[in-house]
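Structure, as structure tokens:
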Amino acid sequence: METLPLIPRPAAGALDYRALQAQWAARYGAYRDEQNVWRLPDGRTLAESIFGKPRPAYKILTWGCQMNERDSEILAGQLEEMGMVPAGLLDEADLILLNTCAVRETAEEKVFGTIGYLKVLKQQNPDLILGLCGCMAQEESTIRRIQRYYPHVDLVFGTHNVHQLPQLIERVRREEGMVVDVWQAAEGVVEHLPSRRAGGVKAWVNIIYGCDKYCTFCIVPTTRGRERSRRPEDVIAEVEYLAAEGYKEVTLLGQNVNSYGKDLGTGFDFADLLARLDRVPGIRWIRYTTSHPRDFTDKLIRTIAESDKVTEHFHLPVQSGSNAVLRWMNRRYTREYYLRLIEKIREAVPDACITTDIIVGFPKETEEDFRQTLDLVRQVEYDNAFTFIYSPREGTPAARWPQLPREVKQERLERLMEVQYAINLRKNQRLVGQTAVVLIDGPSKKNPRVLSARTRTNKLVLVPGEAAWSGRFARVEITRAQTFTLEGRMLELLPDDAPEIGRHGQFAPYVPAARSA
Ligand code: SAM
């Protein structure tokens, strides 16, 4: 079998994936066919030359946040450019990648469980390549554990060299033993990465990588590195490309999107980016995740209030309602600052839907601290909250502090969920009888005759309807409210350029049309 060269480690700055690939191609006389698949001079695809069979299949299992989902799209894009195809079932795959999350211990244990289970497949098919990537791969403890207890894993690579997947797979075939290639830090932002996006209607777009906030509970700065913004022209070009491809909604991604641009030093910030993307024809809704309360400027609020496309869903992780806990967490804001921020958002965007993340059982959190969290939750009246038990992460400051007993953490989580779920339901019930514009995702998981759709404010609405309406905007009437979902009935499908799609305050009382005699 031929061996293929490794792409050299890039120098700092923005890098062009296509140029890196062309470097490889020139050396081997490889060319891209009309489907964009790399072929060697003898006509075989790159994947065929590595796996020794035509159209080898891949499966990617993804845990964690949207950033990981997006990385999986990029991994899949690279594999398809090599000539691989998606596998239906796990046991049909020639390559299985586990794209992992390190934010909480529970997620990590699920991954180890899956690796153990996959040993059976590896025994049945010794040619199977099993790889582990994502945030867990950036942790030394994971690498040690894999090397020691899971020698059937062939490849471990991290979040900073995702763009080297073809070369890493080739190394697995060429080298003896497990290939471990994890970079300590990113060496620049890589542009023009291939990707395989599902659906054709909603797309994720990375705008900033990494996080510089160093919350004392959080592993992200270790696993994702320092903040690196993409250049505005690269983001704008990607969104324009997506619009031309027929996408209607984009979600801008980053661990901390509203830090966007700080590292570029040009003064062009997240609000400027939103204002610019608001002008891209064809894109109707723009979402973003996650934003940090500290960086949520008045300019950003104003920009969102004035925009048609940036939706009025604000996900603002508060983490705790106690100033003492916020200080230990290094969140860099106080309860009073946060409450004032919510007030300003509601003044500027009256129909704002506000959601949050909350951690309970942080080291040193007293019953009084926790009550302040409950009090803040009642005061803000979140539309929804993602609630977590604090999970110590090796290498983070809070993991070294005395921990609260498991039962205390569990009991606080349950009390918090009870309070928040009642608010969820109450707020959803207020929407019954109103109409809303939704973007239809497609048939729901439980019932193919019921469609799953989202409002601008990201509320999930289940509407009886036809699969053919997937990807269409529609006006629905909300007929029933539950804690996490709304039910509705279809009033009308909307053309993609209907003005109400771009209107804030899309919930309006339902007024039946007068019946003609
Ligand atoms: N970068 C975002 C921020 O700082 O707000 C959030 C990203 S994090 C992946 C998503 C959520 O997981 C956090 O907002 C936090 O509530 C939760 N989380 C992070 N580290 C955690 C830990 N060690 N234990 C429990 N929950 C944690």
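When a ligand or atom number is given, it counts from 1 through the structure's own listing order.
- Under the 4.0 angstrom criterion for non-hydrogen atoms, Thr396 is not in contact with ligand 1.
- No side-chain N or O of Asn206 forms a donor-acceptor pair with one of Trp204 less than 3.5 Å apart.
- If you look at Phe217 next to ligand 1, the close heavy atoms, those under 4.0 Å, come from the backbone and the side chain alike.
- Of all protein heavy atoms, the one closest to atom 6 (C) of ligand 1 is Thr290 CG2, 4.2 Å.
- Only side-chain heavy atoms of Arg331 come within less than 4.0 Å of ligand 1; its backbone N, CA, C and O stay farther off.
- Close contacts between ligand 1 and Tyr390 involve ligand atoms 23 (N), 24 (N), 25 (C) [criterion: under 4.0 Å to a heavy atom].
- Checked against a 6.0 Å centroid threshold, the rings of Phe112 and Tyr150 count as neighbours.
- When only modelled atom types and interatomic distance are considered, Thr457 and Glu312 share no side-chain donor-acceptor pair under 3.5 Å.
- Listed by number with element, the atoms of ligand 1 under 4.0 angstrom from any heavy atom of Ile389 are 24 (N), 25 (C).
- Using a 4.0 Å cut-off between charged nitrogen and carboxylate oxygen, Arg228 and Asp263 do not count as a salt-bridge pair.
- Residue contact check: Gln319 has heavy atoms under 4.0 Å from atoms 5 (O), 13 (C), 14 (O), 15 (C), 16 (O) of ligand 1.
- Nearest heavy atom pair, residue Thr290 against residue Pro317, reads CG2-CG, 3.5 Å.
- Distances below 4.0 Å separate heavy atoms of Arg104 from the following atoms of ligand 1: 12 (O), 17 (C), 18 (N), 24 (N), 25 (C), 26 (N), 27 (C).
- Across Ala137 and Gly158, no two heavy atoms sit closer than the pair CB-CA, 4.1 Å.
- Residue-ligand proximity, Gln255 to ligand 1, at heavy-atom distances under 4.0 Å covers atoms 1 (N), 2 (C), 7 (C).
- Contact analysis leaves Asn256 out of contact with ligand 1, as no non-hydrogen atom separation drops below 4.0 angstrom.
- For atom 5 (O) of ligand 1, the nearest non-hydrogen atom of the protein is Pro317 CG, 3.2 Å.
- Taking a cutoff of 4.0 Å between a charged side-chain nitrogen and a carboxylate oxygen, Arg412 and Glu365 qualify as a salt bridge.
- By the 4.0 Å N-to-carboxylate-O rule, Glu418 lies too far from Arg415 to be salt-bridged with it.
- Of the charged side-chain nitrogens involved, at least one lies within less than 4.0 Å of a carboxylate oxygen, so that Asp295 and Lys213 count as a salt-bridged pair.
- Judged by distance alone, the side chains of Asn323 and Glu336 do bring a donor and an acceptor atom under 3.5 Å apart.
- Heavy atoms of Val103 found under 4.0 angstrom from ligand 1 belong to the backbone as well as the side chain.
- When only interatomic distances are considered, the shortest N/O to N/O separation between Asp357 and ligand 1 falls below 3.5 Å.
- The proximity of Lys213 to ligand 1, defined as any non-hydrogen pair under 4.0 Å, does not occur for either the backbone or the side chain.
- Of the listed options Pro392, Cys211, Ser391, Ser391 places a heavy atom closest to atom 24 (N) of ligand 1.
- Look at Arg231 and Asp234 and you find a salt bridge, because one of the NZ, NE, NH1 or NH2 atoms lies within 4.0 Å of a carboxylate O, short of that distance.
- Residue contacts with ligand 1: Arg393 is placed with no nitrogen or oxygen under 3.5 Å of a nitrogen or oxygen of the ligand (distance criterion only).
- In this structure, Arg224 falls outside the shell of residues with a heavy atom less than 4.0 angstrom from ligand 1.
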